[in-house]
Amino acid sequence: LYDRMERVFEQMQTAGCMPDVFTFNTMIDAYGKGLQYAKMEHAYRRMLMSGCHPDIRTYSSLMDAYRKAGLYEDVEATLKSMCTAGCKPDVKAYSLLIDIYGKRGRLEKMEATLKEMQLAGCRANVVTYTGILDAYGKAGLFEQMEEVWLSMINLHLKPDMSAYVTMLSAYGKGRLFDKMEMVFEELKAVAKTMKIVGPKPVCPAYNVLIDAYGKGKEIRKMEEAFEAMQQTGHQPS
RNA sequence: GCAGAGUGAGACACUAU
């Protein structure tokens, strides 16, 4: 659908309507998500040339695209130009960076970014913390993960579905089934208060349980989970 | 004048590389 987007973009200009930050941001993000990096950079250059100033969303979209492409030097470069442009990262930008460092296993850098964020007076939210939980979980650092979980609760941040699933799958991979079950019980208790996005909201959590038990050769438990899943009206996927 | 509307971040499984 890029050709259509481009056509509209041209029409806009011939109609005398100058693209603004919104327009460019939308295009840059679309190209980035569609892995059209050359076009994305072209749009970015065009944006700069038209005297339109990139904002935090522009930089975030760029960094997100570079992350997906594995171009981490470009992420850093974008971050730099963002800072030089006097644009300060916000929660979402920090979450993105934290996620990048976490996924690359650069835990010190991740922690440093979190500190920097706090010093900048930027409050981490659930998404930020989920990224950190995931990093520690995948690294097998369960104590650290639990610490982060607790500090998250202490900040009165309510873990959402993604946060719970992160915890569950970390414990599942570590074969810490008791802990996994405790978290799952907790999830079931709070699931009702969570905003229901789909008709069967707890589904991904069941997937994690079944997968974990299956790989841990806990066939009985796996079957129990599968049954419970069906009884609660979830479609196995 | 007022009000509203458009752009960025996180988890799991399945399939493909």
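Each chain gets a letter, A, B and so on, in the order its sequence line appears, and its residues count up from 1. Side chains are part of it too, since the values below use all heavy atoms of this structure and drop only hydrogens, waters and symmetry mates. The shown structure was predicted, so the numbers you read here are calculated from the model rather than taken from an experiment.
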Would you kindly give the CG-to-P distance between A/Asp64 and B/G10, to the nearest whole Å? 6 Å
At 4.0 Å (heavy atoms only), tell me whether A/Lys68 reaches a base, stays on the sugar-phosphate, or touches nothing. nothing
For the side chain of A/Asp211, starting at C-beta, report the closest nucleotide among B/A9, B/A11, B/A13. B/A13
B/G10 base / A/Thr130 side chain donor-acceptor hit below 3.5 Å: yes
Side chain of A/Ala163 (C-beta onward), nearest among B/G8, B/C12, B/G10: B/G10
Assess whether one donor atom and one acceptor atom, taken from the side chain of A/Ser95 and the base of B/A9, lie less than 3.5 Å apart. yes
Does A/Arg123 CZ have over 12 foreign heavy atoms under 6.0 Å away? no
Protein-nucleotide distance (A/Asp134, atom CG; B/A13, atom P), rounded to Å: 10 Å
What does A/Leu168 touch in the nucleic acid at a heavy-atom separation under 4.0 angstrom: a base, only the sugar-phosphate, or nothing? nothing
Expressed in angstrom and rounded to an integer, what is the separation of A/Met180 atom CE from B/C12 atom C1'? 12 Å
Starting from C1' on B/U7, measure out to CE on A/Met47 and report it in whole angstrom. 10 Å
Using a cut-off of strictly less than 4.0 Å, decide whether A/Arg67 has a side-chain nitrogen or oxygen near OP1 or OP2 of B/G10. yes
So if I take every side-chain heavy atom of A/Val165 and compare against B/A11, B/U7, B/A13, which nucleotide ends up nearest? B/A11
Which of these nucleotides, B/A9, B/A11, B/A13, is closest to any side-chain atom of A/Lys92? B/A9
Can A/Val148 be reached from A/Met182 by stepping across I, L, V, M, F, W or Y side chains whose heavy atoms are under 4.5 Å apart? no
Between A/Asp64 and A/Ser61: side-chain donor-acceptor atoms closer than 3.5 Å: no
From B/A13, B/A9, B/G8, pick the nucleotide closest to the side chain of A/Lys173? B/A13
Out of B/G10, B/C12, B/A9, which has the shortest distance to the side chain of A/Asp160? B/G10
Sugar-phosphate only, base, or nothing, as touched by A/Ala93 at under 4.0 Å among non-hydrogen atoms: base
Between B/A9 (P) and A/Leu62 (CG): distance, integer Å: 12 Å
Looking at the rings of A/Tyr206 and A/Phe184, which for Trp means the six-membered one, are their centres under 6.0 Å apart? yes
State, with a plain yes or no, whether a side-chain heavy atom of A/Tyr44 is found less than 4.5 Å away from one of A/Met40. no
Applying salt bridge (Lys or Arg N to Asp or Glu O under 4.0 Å) to A/Lys188 and A/Glu185, what does each step give before you reach the verdict? CA-CA 5 Å; A/Lys188 278 198 290 193; A/Glu185 291 307 314; 3.5 Å; yes
So A/Asp55, base contact, sugar-phosphate only, or nothing? Heavy-atom distance under 4.0 Å. nothing
What is the nucleic acid contact for A/Lys215, judged by heavy atoms within less than 4.0 Å: base, sugar-phosphate only, or nothing? nothing
Figure out the CE/P separation between A/Met152 and B/G10, and round it to whole Å. 16 Å
For A/Tyr101 and B/A9, what is the distance between atoms OH and P respectively, to the nearest whole Å? 18 Å
Which listed nucleotide (B/A11, B/U7, B/A13) is nearest to the side chain of A/Ser162? B/A11
